[in-house]
There are 2 protein chains.
Amino acid sequence: MVPDDPADLLCGDPITEHTLAEPDAVELAGVFAALADPVRLRLLSIIASNDETCSCNLEAPLAKSQSTISHHTAKLAAAGLIVGERRGRWTWWRVVPEQLAALQSSLRVVQDHQA
Amino acid sequence: MVPDDPADLLCGDPITEHTLAEPDAVELAGVFAALADPVRLRLLSIIASNDETCSCNLEAPLAKSQSTISHHTAKLAAAGLIVGERRGRWTWWRVVPEQLAALQSSLRVVQDHQA
DNA sequence: TCAACACATCGATAGATGTCAATATGGAAG
DNA sequence: CTTCCATATTGACATCTATCGATGTGTTGA
C-alpha cells in the first residue's frame, strides 16, 4: 500500500485493484462493438419499435442487400441483443431487454465509481 | 397507412417512422465504437475509479506502449467520454458523467420502445 | 417431386483500426 | 537558451469489418 517509488507520490493513487478485468473487458467490448455501427443501431431501433419484427421489413428501410442485413442481424444476435425465431418462411426478431439492462448497469458502474 | 402491397399484410407493420435517423445513428455508433475496445474500457474504468487520473498511471497497468495509450485516450476524448487537463508536466483525465448518462438514456429508448 | 422463396454462407474487396517504434511538440527546470 | 520529460503525431503493418454478388440450405406450396 505504501509506494516504494517516489514518483508515485507525484501522480496520486496508482492502485489498480478496481480496474475492469481483461476477460470482462473483452466481453463487454464485444457487445459495444455490436452497437458500433449505424446500420445495426437502426436495425435495432426498428426491431424494438414493434413487439416482433419480420426480416422482410428490415431490408427496404435500410437500403442494404439481403446478405448485409443477414450479417448484421447475426452480429446483434451473437451479442445477445436480439433473438430470432424461424416461423414459417420468415424469421421474427425480438430484442432482449435483459441484455440492454445489463449494458446500462455496466455504464452505471463507471458513472457511480467516481465521487 | 393502408398497405398497397398484399405482402405487407403477411409480415406485420412495415412502418418505419420511428426508425433512428441515419445521422443520429452515425453519431451514436461513434460513441459506442469508442467503448468497443477492451483497452479503452479498462482505461475508462481506471479513470472513473479516481476523481482525477494522471496519464502516468495508465501505461503500466494496461501493458501498452505510450503511443497506444495516447491513441486510446484521444479516442475516448473525441467521443466526449473523458476530458483531459494539462497541468504541470502531466495530463489529468476525468470522465464526463453527462455523456455516460446520455448513452444510458439512448439504450433506455430502445428498451422502452417495446411493449 | 419440384419450383419458388427466405435466409445463411462464401469469396472478394475496400476501408477502418490497434499496435508499435520513431519522431515531433511543447512545457519545466536548470 | 538548452536540456529533459510527458504527450502527440507519423509511418508502417497486420488484422478486422462492412459490403456485395454468387451460391448453398432448408422450408413452403403446387
Side-chain angles (χ1 to χ4, degrees), chain A residues 5-12 14 22 25-26 28-44 47 52-60 62-79 82-94, chain B residues 5-12 14 22 25-27 29-44 47 52-60 62-79 82-94:
Chain A
D5 187 343
D8 290 341
L9 294 171
L10 299 172
C11 297
E22 231 267 333
V26 170
L28 231 196
V31 182
F32 281 125
L35 294 174
D37 181 277
V39 175
R40 282 197 289 274
L41 285 178
R42 303 186 72 200
L43 210 39
L44 188 62
I47 293 174
E52 278 184 327
T53 306
C54 173
S55 283
C56 61
N57 282 329
L58 299 178
E59 208 163 319
L62 296 179
K64 297 290 172 185
S65 74
Q66 179 267 321
S67 63
T68 297
I69 298 293
S70 178
H71 165 71
H72 286 308
T73 50
K75 272 217 154 160
L76 286 172
I82 62 175
V83 285
E85 183 188 348
R86 192 146 195 171
R87 217 152 65 213
R89 277 204 232 273
W90 299 284
T91 301
W92 294 80
W93 297 99
R94 206 175 315 126
Chain B
D5 188 343
D8 290 341
L9 294 172
L10 298 172
C11 298
E22 230 269 333
V26 171
E27 190 179 338
V31 182
F32 281 125
L35 295 173
D37 181 276
V39 176
R40 282 197 291 272
L41 284 178
R42 303 186 73 200
L43 211 39
L44 189 62
I47 294 174
E52 278 183 327
T53 306
C54 173
S55 283
C56 60
N57 282 328
L58 299 177
E59 209 164 319
L62 296 179
K64 296 291 172 184
S65 74
Q66 178 268 322
S67 63
T68 296
I69 298 293
S70 177
H71 165 71
H72 286 309
T73 50
K75 271 215 155 162
L76 285 172
I82 62 175
V83 286
E85 184 189 346
R86 192 143 196 172
R87 217 153 64 216
R89 279 203 232 271
W90 299 284
T91 301
W92 295 81
W93 297 99
R94 206 174 314 126

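Residue numbering restarts at 1 for every chain, and letters A, B, ... go by the order of the sequence lines.
When the side-chain nitrogen and oxygen atoms of S65(B) are compared with OP1 and OP2 of dT19(C), none of them lie within a distance under 4.0 Å. Taking side-chain N and O atoms only, S70(A) has no distance below 4.0 Å to OP1 or OP2 of dC7(C). Contact annotation: S67(B) does not reach the phosphate of dC20(C) (side-chain N/O to OP1 or OP2, under 4.0 Å). The phosphate of dT19(D) has OP1 or OP2 within less than 4.0 Å of a side-chain N or O from K64(A).
Taking five base pairs at each end of the helix from dT1(C)-dA30(D) to dG30(C)-dC1(D), the local helix axes there meet at an angle of 30°, rounded to 10°.
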Please list, for nucleotides 27-29 of chain C, all pairs of protein and nucleotide N/O atoms separated by less than 3.5 Å.
none

Pairs under 3.5 Å (N/O, protein and nucleotides 11-17 of chain D):
none

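T68(B) comes within contact range of at least one nucleobase, with a heavy-atom separation under 4.0 Å.
Taking atom CG of L62(A) as the reference point, atom C1' of dA18(D) lies 14 Å away to the nearest angstrom. Distance W90(A) CH2 to dT28(D) C1': 10 Å, rounded to the nearest Å. Residue I69(B) contributes atom CD1, which lies 11 Å from atom P of dA8(D) at whole-angstrom precision. We find that CG of L76(B) is positioned 14 Å from C1' of dG18(C), with the value rounded to whole Å. Computed from coordinates, the L58(B) CG to dT7(D) P distance equals 9 Å when rounded to whole Å. If you measure from atom CG of L43(B) to atom C1' of dG18(C), you get 14 Å, rounded to the nearest angstrom.
Rounding to the nearest 0.5 Å gives a distance of 7.5 Å between NE2 of H71(A) and CG of D37(A). Note that OG1 of T53(A) is 10.0 Å distant from CG of L44(A), once rounded to the nearest 0.5 Å. In this structure, W93(A) CH2 and I82(A) CD1 are separated by 4.5 Å, a value rounded to the nearest 0.5 Å. Here the CZ-OG1 distance, from R89(A) to T91(A), works out to 13.0 Å after rounding to the nearest 0.5 Å.
Between the side chain of S70(B) and the backbone N or O of Q66(B) there is no donor-acceptor pair closer than 3.5 Å.
Applying the 3.5 Å distance criterion, the base of dA8(C) shares a donor-acceptor pair with the side chain of Q66(A).
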